[in-house]
Protein chains: 2
Amino acid sequence: MTSTNDRVVPPAARRRRRPTKKGVVLSAELIVETALRLLKEHGADALTVRRLGLALGADPSALYRYFRDTDDLLLAIADELIGRTLRTWHPTGDWRADLRDLGLRMHSGSLAHPQAAVLSSYRVTGRVHEIGAVETILGVLRGAGFPDPEAVRIYHAFVDQALAFAALDAASIALPRAAREAEAGVWRATYARLPADTHPHIAATARHLMADMRRSAYPAALDMLLTAAAARLEEITQHGNAETLPGRTSGTSH
Amino acid sequence: MTSTNDRVVPPAARRRRRPTKKGVVLSAELIVETALRLLKEHGADALTVRRLGLALGADPSALYRYFRDTDDLLLAIADELIGRTLRTWHPTGDWRADLRDLGLRMHSGSLAHPQAAVLSSYRVTGRVHEIGAVETILGVLRGAGFPDPEAVRIYHAFVDQALAFAALDAASIALPRAAREAEAGVWRATYARLPADTHPHIAATARHLMADMRRSAYPAALDMLLTAAAARLEEITQHGNAETLPGRTSGTSH
DNA sequence: TTAACAGGTCAACGCTGTTGACATAAGGTG
DNA sequence: CACCTTATGTCAACAGCGTTGACCTGTTAA
């Protein structure tokens with residue numbers, strides 16, 4: 001609240017729908033939609049205030065009546081993406097399958113708008129759609145039988161891992177053409193040709209590396225996380241209650 | 001290789017060490033070091049060609065004699081970070097403890113230079129230090145007894161998880177002051193105050209959320225990944241050889 | 001001694017986000 | 001219906017950005 005700039009009129013107070021010179025009636029929703037379209041069609045570099053103004057048929061500076069600055073706009077875009085993802089997800093009651101499905105949806109949803117994802121996935125928006133997502137995931141975990149501290153811990157790992165991989169994979173999709181091709185070339189030209197005497201392990205697995213590195217590691221990582229969570233749940237429910245909270249399964253200190 | 005611009009003289013061919021107007025003798029190493037210092041001291045926004053030139057005591061355009069463009073410089077910075085991390089890591093022979101240690105080192109190494117990490121962690125540099133890291137990690141996994149395809153799969157999940165979380169956490173550290181404080185405020189002001197009747201799960205776990213969300217989920221996620229890997233290894237070694245390759249443990253298709 | 005050229009400098013380009021001043025149309029009030 | 005307030009669109013300007021082509025100069029090899 002403290003940071004809500006004076007320049008921006010909160011959506012509730014907006015009444016005067018004055019059309020722009022070109023006849024377009026602006027709104028926060030229209031601006032967000034147009035920004036997403038711009039990102040999708042022309043890449044991350046295409047999202048500039050000036051181009052967005054042009055695409056909207058309005059003076060660039062008009063945007064500042066709706067968003068404090070470009071960061072504020074970014075958060076609105078991020079929240080819209082969360083909302084779209086959640087809207088296509090329909091839980092079945094099987095916590096593990098549901099979380100797996102949701103994770104994959106969050107991931108692929110980001111890849112559909114990589115330019116937006118890479119810019120926004122690490123932000124806490126605090127807006128409606130994000131709050132809904134938090135509530136829903138926590139509900140799934142608590143419903144599965146995880147005690148509160150455990151539920152929160154797994155929620156955090158699950159959601160941050162999804163966001164982190166989304167950003168990572170989105171980033172490489174969003175790379176400028178030249179850089180992306182350069183990266184593919186590096187694997188072929190560098191890693192595939194390392195001699196066995198200096199790099200035995202890479203040489204021995206080169207074939208598998210080529211195949212595996214070209215796709216995202218997220219599904220594998222997600223399954224591993226869920227496997228560990230399931231094991232933990234079994235531990236908890238078998239031992240009656242959670243009298244032994246600490247156990248991380250590993251020997252090493254946490 | 002094809003993309004190595006004509007303007008940039010490869011390091012090997014450099015001979016003429018002409019000092020700048022201010023008496024500084026430039027080199028690729030000096031530039032990378034100075035860039036890291038700039039990032040550390042003044043944040044990501046401080047890393048501009050002009051400021052870097054100023055910090056070096058040289059004309060900004062002199063940098064283009066050493067790096068094709070700012071992206072090229074970025075990759076050099078990334079590789080230097082990888083090298084520094086690997087140099088402080090000393091494996092013991094216990095694969096799980098070693099990977100855990102390495103993961104945490106990569107993570108905290110990134111957080112020491114969040115500005116650099118957020119810019120570079122999703123890039124394949126193909127430079128010396130990166131190659132060394134790949135070789136080492138693969139060696140640990142194969143040495144532990146994972147068959148090649150499994151070793152590659154786990155390597156990929158492990159390394160991308162580390163990079164993804166590094167980028168995620170680095171990004172929030174690297175946020176401009178104002179935005180960072182705003183995010184902290186969102187948790188306190190928004191999530192902590194949601195009423196139990198509309199958001200029962202958040203309300204019930206608010207206390208744990210406040211505590212857990214302020215620190216990184218990476219250690220927890222890393223432990224879960226290693227737990228799943230250990231379980232898989234046991235499966236493999238107990239059943240003699242890996243006649244049942246496919247099994248993802250989960251029921252859903254991959 | 002000289003010729004070649006790597007490498008530092010300078011000025012300029014087009015682009016960016018942002019802001020303050022200004023113009024105008026919408027809408028509540030009387 | 002007329003007025004006044006003010007939300008909102010427009011315009012011009014600012015400083016800063018990455019990048020480049022032309023220029024100049026010191027170093028080095030022959």
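Order of the sequence lines fixes the chain letters, A, B, ..., with proteins taken first and strands second; residue numbering starts at 1 for each chain.
- Heavy atoms of Tyr66(A) sit under 4.0 angstrom from primed sugar atoms or phosphate atoms, though from no base atom.
- Taking each heavy atom of Ala62(A) and Leu26(A) in turn, the nearest pair found is CB-CD1, 4.0 Å.
- Applying a 4.0 Å cut-off to non-hydrogen atoms, the residues of residues 49-60 of chain A that approach DNA chain C are Val49(A), Arg50(A), Arg51(A), listed by residue number.
- Look at Thr70(B) and you'll find a side-chain N or O under 4.0 angstrom from OP1 or OP2 of dT19(D).
- Regarding Leu74(A), its CG atom lies at a distance of 17 Å from the P atom of dT16(C), rounded to whole Å.
- Arg65(A) has its CZ atom 15 Å from the P atom of dT18(C), to the nearest Å.
- What separates CG of Asp45(A) from P of dG17(C) is a distance of 11 Å, to the nearest Å.
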Which is it for Ile131(B) and Ile202(A) under the side chain to side chain contact (heavy atoms under 4.5 Å, CB included) test, yes or no, and what are the steps along the way?
-> CA-CA 9 Å; Ile131(B) 295 175; Ile202(A) 292 178; 4.2 Å; yes
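- In this structure, the nucleotide among dT18(C), dC17(D), dT10(D) sitting nearest to the side chain of Asp69(A) is dT18(C).
- Residue Lys21(A) has no polar side-chain atom (N or O) positioned under 4.0 Å from OP1 or OP2 of dT24(C).
- Of all non-hydrogen atoms in Asp45(A) and Arg51(A), the two that sit nearest each other are O-NH2, 3.0 Å.
- Considering only the side chain of Thr20(B), dG8(C) comes nearest among dG21(D), dG8(C), dC11(D).
- The separation between Leu73(A) atom CG and dT18(C) atom C1' is 14 Å, rounded to whole Å.
- Contact annotation: the side chain of Val32(A) approaches that of Phe67(A) to within less than 4.5 Å [non-hydrogen atoms, C-beta and beyond].
- Within 3.5 Å, no donor on the side chain of Arg18(B) pairs with an acceptor on the base of dG26(D), nor the reverse.
- As rounded to whole Å, 13 Å separates atom P of dG7(C) from atom CZ of Phe67(B).
- With contacts defined as side-chain heavy-atom distances shorter than 4.5 Å, the pair Leu73(B)/Leu52(B) qualifies.
- Summarising the geometry of Ala58(A) relative to Thr20(A), their closest heavy-atom pair is CA-OG1, 3.7 Å, with the distance given to 0.1 Å.
- Heavy-atom contacts from other residues, nucleotides or ligands closer than 6.0 Å to CZ of Arg87(B) number more than 12.
- Contact annotation: side chain of Thr48(A) to base of dC15(C), donor-acceptor pair absent below 3.5 Å.
- Nucleotide dT20(D) holds its P atom 12 Å from the CG atom of Asp72(B), rounded to whole Å.
- dT8(D) atom C1' lies 11 Å from atom CD1 of Ile31(A), rounded to whole Å.
- Comparing atom distances between the Tyr64(B) side chain and each of dG9(D), dG8(C), dT19(D) picks out dT19(D) as nearest.
- Rounding to whole angstrom units, CG of residue Leu26(B) and P of dG26(D) are separated by 16 Å.
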